[in-house]
**Q** 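Quick one: structure below, then a few questions.
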Amino acid sequence: DYHFFGNVLFADGDPRPRVIDWSELKPGLGPHDVAYCMTAVPADDRAARDRAMLRVYWEQLRARGVRDYDWPRCQWDHRLSLIHNVVQALFQDSLPWLRHSLAAVERHAARAVLHTPPP
């Protein structure tokens, strides 16, 4: 549930982030947190920044011993998570979040997951 709309906070003079808002704890797609967190953070080339962040996430999984989760599947899961963000924005009745989410879906060609099975 990481995002920059209120639960990742920084204290004055301390560069370490603080995280709050653990409304639920459940298994899910790890790339969803990357998608949810990065959707609203501005960048000059958001698509490249998002892919780089996702790659770092996947490489850290590999560094910690995860071997049955390949890079194409991680990318597919990320795009699925972007679609999920659109649905979530609709249920939350949040027009700003919907706009951010739809833009991310376009940036990452995420609609393809609606007619392409996971790798």
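Treat the numbers as computed from the prediction; the structure is a model and nothing was measured.
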**Q** Considering only Ile, Leu, Val, Met, Phe, Trp and Tyr, and joining two whenever side-chain heavy atoms are under 4.5 Å apart, list the other residues clustered with Phe91.
**A**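 Grouped by the 4.5 Å side-chain rule, Val87 form the rest of the cluster around Phe91.
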**Q** Could you give all pairs that pass the salt bridge (charged side-chain N to carboxylate O under 4.0 Å, His left out) test and reach residues 83-96, with sequence neighbours left out?
**A**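 Not a single pair qualifies under salt bridge (charged side-chain N to carboxylate O under 4.0 Å, His left out).
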**Q** Going by side-chain hydrogen bond (donor to acceptor under 3.5 Å, both in side chains), name the pairs with one or both residues in residues 110-119, residues two or more places apart or in two chains.
**A**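 Counting only pairs at least two positions apart or across chains, the side-chain hydrogen bond (donor to acceptor under 3.5 Å, both in side chains) contacts touching residues 110-119 are Glu106-Arg111.
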**Q** Quick one: CG on Leu114 to CZ on Arg79, what's the gap to the nearest 0.5 Å?
**A** 11.0 Å
**Q** Within the 3.5 Å criterion, strictly below it, is a donor on Gln60 or Arg64 matched to an acceptor on the partner's side chain?
**A** yes
**Q** Who are the side-chain contact (heavy atoms from CB on, under 4.5 Å) partners of Arg62, not counting sequence neighbours?
**A** Trp58, Arg67
**Q** Between Asp45 and Arg49, does any NZ, NE, NH1 or NH2 come within less than 4.0 Å of an OD or OE carboxylate oxygen?
**A** no
**Q** Can you list everything that forms a side-chain contact (heavy atoms from CB on, under 4.5 Å) with Pro72? Sequence neighbours excluded, please.
**A**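 With sequence neighbours excluded, Pro72 shows a side-chain contact (heavy atoms from CB on, under 4.5 Å) to Asp70, Pro119, given in chain and number order.
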**Q** If every non-hydrogen atom of Cys74 is compared with every non-hydrogen atom of Tyr69, which pair is closest and at what distance?
**A** CA-OH, 3.4 Å
**Q** Are Trp71 and Val56 linked, directly or through other ILVMFWY residues, by side chains that come within less than 4.5 angstrom of each other?
**A**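 Different clusters: Trp71 never reaches Val56 through Ile, Leu, Val, Met, Phe, Trp or Tyr contacts under 4.5 Å.
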**Q** Identify, with sequence neighbours excluded, every residue that meets side-chain hydrogen bond (donor to acceptor under 3.5 Å, both in side chains) alongside Arg55.
**A** Glu59
**Q** What pairs with Asp50 under side-chain hydrogen bond (donor to acceptor under 3.5 Å, both in side chains), at least two apart in sequence or on another chain?
**A** His108
**Q** Residues in side-chain hydrogen bond (donor to acceptor under 3.5 Å, both in side chains) with Asp14, at least two apart?
**A**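 Expected list: Arg16, Arg18.
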**Q** Taking all atoms of both residues into account, what is the closest heavy-atom pair of Ser81 and Pro31, and its distance?
**A**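 That closest heavy-atom pairing would be OG-C, 3.9 Å.
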**Q** According to side-chain hydrogen bond (donor to acceptor under 3.5 Å, both in side chains), who are the partners of Tyr57, at least two apart in sequence or on a separate chain?
**A**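 Expected list: none.
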**Q** Might you point out which heavy atoms bring His32 and Asn85 nearest each other, and give the distance in Å?
**A**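 The answer is CE1-OD1, 3.2 Å.
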**Q** Report the residues that fulfil ring pair (Phe, Tyr, Trp, His ring centres under 6.0 Å) with Trp76, sequence neighbours left out, ordered by chain and then residue number.
**A**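 If we apply the ring pair (Phe, Tyr, Trp, His ring centres under 6.0 Å) test to Trp76, skipping adjacent residues, there are no hits.
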**Q** Using side-chain contact (heavy atoms from CB on, under 4.5 Å) as the criterion, list what pairs up with Ala104, not counting sequence neighbours.
**A** Thr39, Leu82, Arg107
**Q** Among all residues two or more places apart in sequence or in another chain, which pass the side-chain contact (heavy atoms from CB on, under 4.5 Å) test with Leu95?
**A** Leu98, Arg99
